[in-house]
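All values derive from a computational prediction rather than experimental measurement. Below, read A as the first sequence line, B as the second, and so on, with proteins coming before strands; counting in each chain starts at 1.
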Protein chains: 2
Amino acid sequence: MRRKSFEGMTCPIARSLERVGEWWSILILRDAFLGATRFEQFQKSLDIAPNMLTRRLAALVEAGLLERRRYSERPPRDEYVLTERGRDFRPVLWSLLAWGNKHFAPEGPSVVIVDGETGAVADPVLVDRATGRPLTSPPFRTRRLRPATQETADV
Amino acid sequence: MRRKSFEGMTCPIARSLERVGEWWSILILRDAFLGATRFEQFQKSLDIAPNMLTRRLAALVEAGLLERRRYSERPPRDEYVLTERGRDFRPVLWSLLAWGNKHFAPEGPSVVIVDGETGAVADPVLVDRATGRPLTSPPFRTRRLRPATQETADV
DNA sequence: GAATTAACTTGCATGATGATAGTGACGCGC
DNA sequence: GCGCGTCACTATCATCATGCAAGTTAATTC
(Lines give C-alpha, C1' and ligand atoms only; values in the text may rest on other atoms or scores of the structure.)
Protein backbone atom coordinates (compact mmCIF):
# COMPACT_ATOMS: atom_id res chain seq x y z
CA MET A 1 0.00 0.00 0.00
CA ARG A 2 1.54 3.30 -1.05
CA ARG A 3 2.29 5.59 1.85
CA LYS A 4 0.05 8.64 2.02
CA SER A 5 1.90 11.76 0.88
CA PHE A 6 2.07 14.92 2.98
CA GLU A 7 2.58 16.91 -0.20
CA GLY A 8 -0.86 18.50 -0.03
CA MET A 9 -0.04 20.14 3.30
CA THR A 10 1.47 23.62 3.46
CA CYS A 11 2.97 23.16 6.92
CA PRO A 12 6.79 23.39 6.71
CA ILE A 13 7.15 20.46 9.09
CA ALA A 14 5.02 18.29 6.82
CA ARG A 15 7.01 19.41 3.81
CA SER A 16 10.25 18.56 5.57
CA LEU A 17 8.94 15.13 6.52
CA GLU A 18 7.79 14.47 2.97
CA ARG A 19 11.48 14.49 2.07
CA VAL A 20 13.21 13.01 5.14
CA GLY A 21 10.39 11.21 6.93
CA GLU A 22 10.94 7.68 5.67
CA TRP A 23 12.65 5.02 7.77
CA TRP A 24 16.43 5.23 7.23
CA SER A 25 16.48 8.71 5.62
CA ILE A 26 17.59 10.72 8.62
CA LEU A 27 20.12 8.08 9.65
CA ILE A 28 21.63 8.24 6.18
CA LEU A 29 21.93 12.01 6.58
CA ARG A 30 23.55 11.48 9.98
CA ASP A 31 26.20 9.34 8.35
CA ALA A 32 26.67 11.83 5.52
CA PHE A 33 27.40 14.43 8.19
CA LEU A 34 29.90 11.99 9.70
CA GLY A 35 31.70 11.90 6.37
CA ALA A 36 30.23 8.90 4.59
CA THR A 37 29.95 9.39 0.81
CA ARG A 38 30.35 5.94 -0.71
CA PHE A 39 27.59 3.38 -1.09
CA GLU A 40 29.49 0.78 0.87
CA GLN A 41 30.28 3.19 3.69
CA PHE A 42 26.60 3.86 4.23
CA GLN A 43 25.76 0.20 3.89
CA LYS A 44 28.31 -0.94 6.43
CA SER A 45 27.69 1.75 9.04
CA LEU A 46 23.91 1.36 8.82
CA ASP A 47 23.70 -2.38 8.19
CA ILE A 48 20.99 -1.59 5.64
CA ALA A 49 19.89 -3.73 2.71
CA PRO A 50 21.39 -2.53 -0.58
CA ASN A 51 18.06 -2.13 -2.31
CA MET A 52 16.74 0.02 0.52
CA LEU A 53 19.90 2.13 0.54
CA THR A 54 19.60 2.66 -3.21
CA ARG A 55 16.01 3.79 -2.84
CA ARG A 56 16.69 6.16 0.01
CA LEU A 57 19.81 7.69 -1.53
CA ALA A 58 17.87 8.32 -4.73
CA ALA A 59 15.08 10.01 -2.77
CA LEU A 60 17.53 12.22 -0.89
CA VAL A 61 19.21 13.18 -4.16
CA GLU A 62 15.80 13.91 -5.67
CA ALA A 63 14.90 16.05 -2.64
CA GLY A 64 18.09 18.04 -3.02
CA LEU A 65 19.76 17.01 0.25
CA LEU A 66 22.45 14.89 -1.37
CA GLU A 67 24.19 15.26 -4.70
CA ARG A 68 25.40 12.29 -6.71
CA ARG A 69 28.91 12.93 -7.92
CA ARG A 70 31.20 10.84 -10.19
CA TYR A 71 34.46 9.96 -8.43
CA SER A 72 35.71 7.39 -10.93
CA GLU A 73 35.15 7.19 -14.69
CA ARG A 74 36.55 3.71 -15.25
CA PRO A 75 34.79 1.92 -13.77
CA PRO A 76 32.03 4.57 -13.39
CA ARG A 77 31.62 5.15 -9.65
CA ASP A 78 29.50 7.74 -7.82
CA GLU A 79 29.55 9.12 -4.33
CA TYR A 80 26.88 11.02 -2.41
CA VAL A 81 27.70 14.45 -1.06
CA LEU A 82 25.63 16.76 1.16
CA THR A 83 24.24 19.83 -0.59
CA GLU A 84 23.77 23.14 1.19
CA ARG A 85 20.17 22.11 1.83
CA GLY A 86 21.50 18.90 3.31
CA ARG A 87 23.98 20.74 5.49
CA ASP A 88 21.21 23.06 6.72
CA PHE A 89 19.61 19.98 8.26
CA ARG A 90 22.20 19.95 11.02
CA PRO A 91 20.10 21.73 13.67
CA VAL A 92 17.35 19.10 13.26
CA LEU A 93 19.90 16.33 13.63
CA TRP A 94 21.53 17.88 16.68
CA SER A 95 18.19 18.60 18.29
CA LEU A 96 17.35 14.93 17.87
CA LEU A 97 20.73 14.07 19.38
CA ALA A 98 20.16 16.28 22.39
CA TRP A 99 16.66 14.93 22.92
CA GLY A 100 17.89 11.35 22.62
CA ASN A 101 20.70 12.00 25.10
CA LYS A 102 18.25 13.41 27.59
CA HIS A 103 15.60 10.72 27.32
CA PHE A 104 17.03 7.53 25.87
CA ALA A 105 20.51 7.20 27.31
CA PRO A 106 20.16 5.52 30.70
CA GLU A 107 23.82 4.53 30.51
CA GLY A 108 24.80 8.12 29.74
CA PRO A 109 25.35 9.76 26.33
CA SER A 110 27.27 7.85 23.70
CA VAL A 111 27.65 10.84 21.36
CA VAL A 112 28.03 14.47 22.41
CA ILE A 113 28.55 17.78 20.66
CA VAL A 114 31.89 19.37 21.51
CA ASP A 115 33.76 22.52 20.70
CA GLY A 116 36.49 21.18 18.44
CA GLU A 117 38.98 23.70 19.79
CA THR A 118 38.48 23.42 23.52
CA GLY A 119 36.87 19.98 23.78
CA ALA A 120 34.13 21.44 25.95
CA VAL A 121 30.80 19.62 25.67
CA ALA A 122 28.02 21.80 24.27
CA ASP A 123 24.41 21.77 25.46
CA PRO A 124 22.18 22.72 22.53
CA VAL A 125 19.29 25.12 22.99
CA LEU A 126 17.10 26.71 20.37
CA VAL A 127 16.99 30.50 20.61
CA ASP A 128 15.72 33.44 18.60
CA ARG A 129 18.56 34.75 16.49
CA ALA A 130 17.68 38.40 16.97
CA THR A 131 17.20 38.45 20.74
CA GLY A 132 19.02 35.34 21.97
CA ARG A 133 15.99 34.33 23.98
CA PRO A 134 15.28 30.59 24.30
CA LEU A 135 12.33 29.49 22.18
CA THR A 136 10.18 28.25 24.99
CA SER A 137 6.42 28.19 25.03
CA PRO A 138 5.23 30.53 26.43
CA PRO A 139 5.97 33.12 25.26
CA PHE A 140 6.83 31.71 21.84
CA ARG A 141 4.22 29.89 19.79
CA THR A 142 3.48 29.08 16.18
CA ARG A 143 1.24 31.16 14.01
CA ARG A 144 -0.38 30.11 10.77
CA LEU A 145 -0.17 32.56 7.88
CA ARG A 146 -1.88 30.39 5.24
CA PRO A 147 -4.50 27.60 5.06
CA ALA A 148 -3.31 24.16 6.20
CA THR A 149 -3.89 22.50 2.84
CA GLN A 150 -3.40 23.67 -0.67
CA GLU A 151 -6.55 24.34 -2.62
CA THR A 152 -6.74 22.25 -5.75
CA ALA A 153 -7.08 25.48 -7.69
CA ASP A 154 -3.46 26.20 -6.73
CA VAL A 155 -2.27 23.27 -8.80
CA MET B 1 8.33 -7.19 5.99
CA ARG B 2 9.13 -5.97 9.49
CA ARG B 3 11.11 -2.75 9.51
CA LYS B 4 14.64 -3.13 10.77
CA SER B 5 15.00 -1.78 14.28
CA PHE B 6 17.60 0.80 15.24
CA GLU B 7 17.45 -0.47 18.81
CA GLY B 8 20.89 -2.07 18.65
CA MET B 9 22.48 1.31 17.99
CA THR B 10 23.72 3.47 20.85
CA CYS B 11 23.60 6.73 18.89
CA PRO B 12 21.04 9.09 20.49
CA ILE B 13 19.73 10.08 17.06
CA ALA B 14 19.02 6.44 16.23
CA ARG B 15 17.34 5.96 19.58
CA SER B 16 15.16 9.00 18.99
CA LEU B 17 14.20 7.76 15.53
CA GLU B 18 13.36 4.32 16.89
CA ARG B 19 10.53 6.04 18.73
CA VAL B 20 9.44 8.83 16.36
CA GLY B 21 10.85 7.71 13.02
CA GLU B 22 7.77 6.08 11.53
CA TRP B 23 5.62 7.83 8.95
CA TRP B 24 2.97 9.93 10.72
CA SER B 25 4.58 9.93 14.17
CA ILE B 26 6.15 13.38 14.10
CA LEU B 27 3.06 14.89 12.47
CA ILE B 28 0.94 13.46 15.27
CA LEU B 29 3.29 15.12 17.76
CA ARG B 30 2.99 18.37 15.82
CA ASP B 31 -0.77 18.25 16.25
CA ALA B 32 -0.46 17.34 19.93
CA PHE B 33 1.62 20.50 20.33
CA LEU B 34 -1.17 22.39 18.55
CA GLY B 35 -3.59 21.17 21.18
CA ALA B 36 -5.11 18.04 19.68
CA THR B 37 -5.89 15.36 22.29
CA ARG B 38 -8.87 13.45 20.95
CA PHE B 39 -8.73 10.61 18.45
CA GLU B 40 -11.06 12.38 16.07
CA GLN B 41 -9.10 15.64 16.25
CA PHE B 42 -5.94 13.89 15.11
CA GLN B 43 -7.81 11.94 12.48
CA LYS B 44 -9.43 15.00 10.97
CA SER B 45 -6.40 17.28 11.01
CA LEU B 46 -4.12 14.60 9.57
CA ASP B 47 -6.60 12.84 7.27
CA ILE B 48 -5.10 9.57 8.48
CA ALA B 49 -6.73 6.13 8.43
CA PRO B 50 -8.10 5.18 11.85
CA ASN B 51 -6.18 1.94 12.08
CA MET B 52 -2.91 3.77 11.34
CA LEU B 53 -3.71 6.45 13.89
CA THR B 54 -4.41 3.81 16.50
CA ARG B 55 -1.10 2.13 15.83
CA ARG B 56 0.92 5.32 15.95
CA LEU B 57 -0.78 6.69 19.04
CA ALA B 58 -0.13 3.41 20.83
CA ALA B 59 3.55 3.53 19.85
CA LEU B 60 3.92 7.13 21.05
CA VAL B 61 2.26 6.19 24.34
CA GLU B 62 4.56 3.17 24.63
CA ALA B 63 7.57 5.41 23.94
CA GLY B 64 6.51 7.80 26.67
CA LEU B 65 5.81 10.83 24.49
CA LEU B 66 2.05 10.77 24.94
CA GLU B 67 -0.02 9.66 27.86
CA ARG B 68 -3.42 8.08 27.42
CA ARG B 69 -5.85 9.67 29.85
CA ARG B 70 -9.53 8.88 30.59
CA TYR B 71 -11.75 11.92 30.01
CA SER B 72 -15.08 10.17 30.22
CA GLU B 73 -16.14 7.11 32.21
CA ARG B 74 -19.50 6.53 30.60
CA PRO B 75 -18.95 5.93 27.84
CA PRO B 76 -15.21 5.21 28.47
CA ARG B 77 -13.27 7.72 26.40
CA ASP B 78 -9.55 8.49 26.37
CA GLU B 79 -7.52 11.40 25.16
CA TYR B 80 -3.81 11.64 24.38
CA VAL B 81 -1.72 14.20 26.22
CA LEU B 82 1.93 15.16 25.76
CA THR B 83 4.26 14.01 28.53
CA GLU B 84 7.30 16.00 29.58
CA ARG B 85 9.33 13.82 27.22
CA GLY B 86 6.87 14.71 24.49
CA ARG B 87 7.08 18.40 25.28
CA ASP B 88 10.89 18.20 25.20
CA PHE B 89 10.55 17.30 21.52
CA ARG B 90 9.69 20.90 20.64
CA PRO B 91 13.18 21.98 19.51
CA VAL B 92 13.25 19.10 17.00
CA LEU B 93 9.85 20.12 15.69
CA TRP B 94 10.76 23.80 15.42
CA SER B 95 14.08 23.01 13.78
CA LEU B 96 12.16 21.03 11.17
CA LEU B 97 9.78 23.96 10.79
CA ALA B 98 12.64 26.42 10.25
CA TRP B 99 14.36 24.14 7.78
CA GLY B 100 11.12 23.58 5.89
CA ASN B 101 10.45 27.32 5.74
CA LYS B 102 13.89 27.95 4.33
CA HIS B 103 13.91 25.23 1.71
CA PHE B 104 10.39 24.13 0.87
CA ALA B 105 8.25 27.24 0.94
CA PRO B 106 8.58 28.87 -2.47
CA GLU B 107 5.35 30.76 -1.78
CA GLY B 108 6.70 31.98 1.54
CA PRO B 109 6.23 30.48 5.01
CA SER B 110 2.78 29.25 5.97
CA VAL B 111 3.64 28.81 9.66
CA VAL B 112 6.05 30.92 11.67
CA ILE B 113 7.20 31.05 15.27
CA VAL B 114 6.21 34.29 17.00
CA ASP B 115 6.68 35.91 20.34
CA GLY B 116 3.17 35.65 21.76
CA GLU B 117 3.51 38.98 23.53
CA THR B 118 4.95 41.19 20.83
CA GLY B 119 3.95 39.27 17.71
CA ALA B 120 7.51 39.48 16.43
CA VAL B 121 8.54 36.60 14.20
CA ALA B 122 11.37 34.53 15.65
CA ASP B 123 14.24 33.05 13.66
CA PRO B 124 15.40 29.85 15.38
CA VAL B 125 19.06 29.08 15.79
CA LEU B 126 20.71 26.32 17.77
CA VAL B 127 23.30 27.61 20.25
CA ASP B 128 25.35 26.31 23.13
CA ARG B 129 23.51 27.04 26.36
CA ALA B 130 26.61 27.97 28.32
CA THR B 131 28.28 30.31 25.84
CA GLY B 132 25.46 31.36 23.52
CA ARG B 133 27.58 30.52 20.51
CA PRO B 134 25.79 29.14 17.44
CA LEU B 135 26.40 25.41 17.01
CA THR B 136 28.04 25.63 13.63
CA SER B 137 30.61 23.24 12.27
CA PRO B 138 33.42 24.17 12.61
CA PRO B 139 34.14 24.65 15.46
CA PHE B 140 31.48 22.35 16.87
CA ARG B 141 31.40 18.66 15.98
CA THR B 142 30.17 15.42 17.43
CA ARG B 143 32.31 13.11 19.48
CA ARG B 144 31.66 9.46 20.21
CA LEU B 145 32.06 8.34 23.81
CA ARG B 146 30.97 4.72 23.37
CA PRO B 147 30.92 2.04 20.63
CA ALA B 148 28.31 2.52 17.89
CA THR B 149 26.50 -0.75 18.63
CA GLN B 150 25.70 -2.53 21.80
CA GLU B 151 27.58 -5.75 22.38
CA THR B 152 25.26 -8.69 22.71
CA ALA B 153 26.85 -9.34 26.10
CA ASP B 154 25.11 -6.14 27.22
CA VAL B 155 21.72 -7.75 26.79
C1' DG C 1 40.50 -16.46 -17.80
C1' DA C 2 39.82 -16.13 -12.82
C1' DA C 3 39.47 -13.46 -8.84
C1' DT C 4 38.34 -9.27 -6.65
C1' DT C 5 35.97 -4.86 -5.82
C1' DA C 6 32.27 -1.60 -5.79
C1' DA C 7 27.69 -0.52 -6.83
C1' DC C 8 24.05 -1.67 -7.54
C1' DT C 9 19.64 -5.04 -9.34
C1' DT C 10 16.48 -8.84 -8.87
C1' DG C 11 13.36 -12.19 -6.85
C1' DC C 12 10.74 -13.52 -3.06
C1' DA C 13 8.14 -13.83 1.29
C1' DT C 14 6.42 -11.07 4.89
C1' DG C 15 4.70 -7.05 7.23
C1' DA C 16 2.92 -2.24 6.76
C1' DT C 17 -0.28 0.66 4.65
C1' DG C 18 -4.64 2.99 3.60
C1' DA C 19 -9.54 2.72 2.39
C1' DT C 20 -13.59 1.55 4.23
C1' DA C 21 -17.01 -0.91 6.49
C1' DG C 22 -18.21 -2.67 10.93
C1' DT C 23 -18.54 -2.88 16.09
C1' DG C 24 -19.29 -1.50 20.76
C1' DA C 25 -20.52 1.58 24.47
C1' DC C 26 -22.77 4.76 25.48
C1' DG C 27 -26.56 9.01 25.69
C1' DC C 28 -30.69 11.08 24.03
C1' DG C 29 -35.23 11.56 22.14
C1' DC C 30 -39.55 9.57 20.90
C1' DG D 1 -37.76 -0.23 24.22
C1' DC D 2 -36.03 1.32 19.91
C1' DG D 3 -33.61 4.10 16.71
C1' DC D 4 -30.20 7.35 15.94
C1' DG D 5 -25.99 9.81 16.65
C1' DT D 6 -21.33 10.21 18.56
C1' DC D 7 -16.85 8.64 19.51
C1' DA D 8 -13.21 5.44 19.42
C1' DC D 9 -11.70 2.25 17.80
C1' DT D 10 -11.43 -2.89 15.07
C1' DA D 11 -11.46 -5.84 11.09
C1' DT D 12 -10.86 -6.90 6.28
C1' DC D 13 -8.61 -6.65 2.02
C1' DA D 14 -5.62 -5.46 -1.81
C1' DT D 15 -1.42 -3.16 -2.68
C1' DC D 16 3.07 -1.48 -1.71
C1' DA D 17 7.32 -1.35 1.21
C1' DT D 18 10.65 -4.00 3.39
C1' DG D 19 14.66 -6.89 4.15
C1' DC D 20 17.33 -11.03 2.89
C1' DA D 21 20.29 -12.82 -0.14
C1' DA D 22 21.71 -14.03 -4.52
C1' DG D 23 22.88 -12.15 -8.94
C1' DT D 24 24.80 -8.78 -12.45
C1' DT D 25 27.83 -5.33 -14.35
C1' DA D 26 31.99 -2.81 -15.20
C1' DA D 27 35.90 -2.57 -14.37
C1' DT D 28 41.17 -3.87 -12.51
C1' DT D 29 44.78 -7.09 -11.38
C1' DC D 30 47.33 -11.29 -11.72
Side-chain angles (χ1 to χ4, degrees), chain A residues 1-9 14 17-28 31-32 35-63 66-81 149, chain B residues 1-9 14 17-28 31-32 35-63 66-81 149:
Chain A
M1 193 73 192
R2 190 179 299 277
R3 195 165 282 142
K4 193 163 190 173
S5 172
F6 302 145
E7 202 56 66
M9 304 182 184
L17 292 172
E18 181 69 23
R19 292 150 175 94
V20 301
E22 291 188 299
W23 197 253
W24 291 116
S25 296
I26 296 179
L27 271 189
I28 291 169
D31 284 12
T37 56
R38 306 290 171 82
F39 192 93
E40 185 156 327
Q41 285 175 318
F42 288 110
Q43 200 187 338
K44 278 207 158 55
S45 65
L46 293 163
D47 192 30
I48 181 176
N51 59 333
M52 292 313 305
L53 182 56
T54 303
R55 279 185 64 161
R56 293 290 183 272
L57 286 172
L60 290 169
V61 168
E62 172 70 27
L66 293 177
E67 171 180 51
R68 190 169 181 162
R69 190 182 291 169
R70 182 69 32 112
Y71 78 88
S72 164
E73 290 291 348
R74 294 179 59 84
R77 297 251 156 92
D78 292 345
E79 61 187 358
Y80 298 86
V81 180
T149 57
Chain B
M1 192 70 190
R2 190 177 299 279
R3 197 164 281 143
K4 195 163 191 175
S5 174
F6 302 145
E7 201 58 65
M9 303 180 186
L17 292 172
E18 183 67 22
R19 291 146 177 97
V20 301
E22 290 188 299
W23 197 253
W24 291 117
S25 295
I26 296 180
L27 271 188
I28 290 170
D31 284 11
T37 56
R38 305 290 169 82
F39 193 92
E40 183 156 328
Q41 286 175 320
F42 288 110
Q43 200 187 336
K44 279 206 156 57
S45 65
L46 293 164
D47 193 27
I48 181 176
N51 57 335
M52 291 315 305
L53 181 56
T54 301
R55 278 185 67 157
R56 292 292 182 275
L57 286 172
L60 291 169
V61 168
E62 172 70 27
L66 292 177
E67 173 180 48
R68 191 170 176 157
R69 187 183 292 169
R70 183 69 32 116
Y71 77 87
S72 163
E73 289 292 346
R74 295 178 60 83
R77 296 241 158 102
D78 293 345
E79 60 187 359
Y80 298 86
V81 179
T149 58

Calculate the interatomic distance between [X] atom [atom1] and [N] atom [atom2]; express it in whole Å.
| X | N | atom1 | atom2 | answer |
| --- | --- | --- | --- | --- |
| A/Met52 | C/dC8 | CE | P | 15 Å |
| A/Glu40 | C/dT4 | CD | P | 15 Å |
| A/Met1 | D/dT18 | CE | C1' | 16 Å |
| B/Leu53 | C/dT17 | CG | C1' | 14 Å |
| B/Ile28 | D/dC9 | CD1 | P | 12 Å |
| B/Leu57 | D/dC7 | CG | P | 16 Å |
| B/Gln43 | D/dA8 | CD | P | 10 Å |
| B/Tyr71 | D/dC7 | OH | C1' | 6 Å |

Next on the checklist: Check this for me: does any side-chain nitrogen of one of A/Glu67 and A/Arg69 sit under 4.0 Å from a carboxylate oxygen of the other?
Outcome noted: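 Salt bridge present between A/Glu67 and A/Arg69.
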
Checklist entry - Do NZ/NE/NH1/NH2 and the carboxylate oxygens of B/Arg55 and B/Glu22 come within less than 4.0 Å? => result no

Next on the checklist: Need to verify one output field. Residue with the more 5' nearest nucleotide on DNA chain D, A/Glu22 or A/Pro75?
Outcome noted: A/Glu22

Checklist entry - When all nucleic acid strands are considered with a 4.0 Å heavy-atom cut-off, which category describes B/Arg77: base, sugar-phosphate, or nothing? => result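 Contact class for B/Arg77: base.
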
Checklist entry - Is B/Phe42 touching bases, backbone alone, or none of the nucleic acid, heavy atoms closer than 4.0 Å? => result nothing

With a 4.0 Å cutoff (strictly under), does any side-chain N or O of [X] reach OP1 or OP2 of [N]?
| X | N | value |
| --- | --- | --- |
| B/Arg2 | C/dA16 | yes |
| B/Arg70 | D/dC7 | no |
| A/Trp24 | D/dG19 | yes |
| B/Arg3 | C/dG15 | no |
| A/Arg55 | C/dT10 | no |

Checklist entry - Should the pair B/Trp23 and A/Phe6 be assigned to parallel (<30°), tilted (30 to 60°) or perpendicular (>60°) ring geometry? => result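 Geometry flag for A/Phe6 against B/Trp23: parallel rings.
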
Heavy atoms from C-beta onward define the side chain here; which of [options] lies closest to that of [X]?
| X | options | answer |
| --- | --- | --- |
| B/Trp23 | C/dG18, D/dG19, C/dA25 | C/dG18 |
| A/Tyr80 | C/dC8, C/dT17, D/dA26 | C/dC8 |
| A/Lys4 | C/dA19, C/dT20, D/dC20 | C/dA19 |
| A/Phe39 | D/dC9, D/dT28, C/dC8 | C/dC8 |
| B/Arg38 | C/dG27, D/dC9, D/dA8 | D/dA8 |
| B/Asn51 | C/dA7, D/dT10, D/dT15 | D/dT10 |

Checklist entry - Can you tell me how far the CD atom of A/Glu7 sits from the CZ atom of A/Arg19, to the nearest 0.5 Å? => result 5.0 Å

Next on the checklist: Minimum heavy-atom separation for A/Asp47 and B/Lys4, please, with both atom names.
Outcome noted: O-NZ, 2.7 Å

Item to check | Worked verdict on B/Phe39 versus B/Thr54 for side-chain contact (heavy atoms from CB on, under 4.5 Å) | outcome: CA-CA 8 Å; B/Phe39 193 92; B/Thr54 301; 3.4 Å; yes

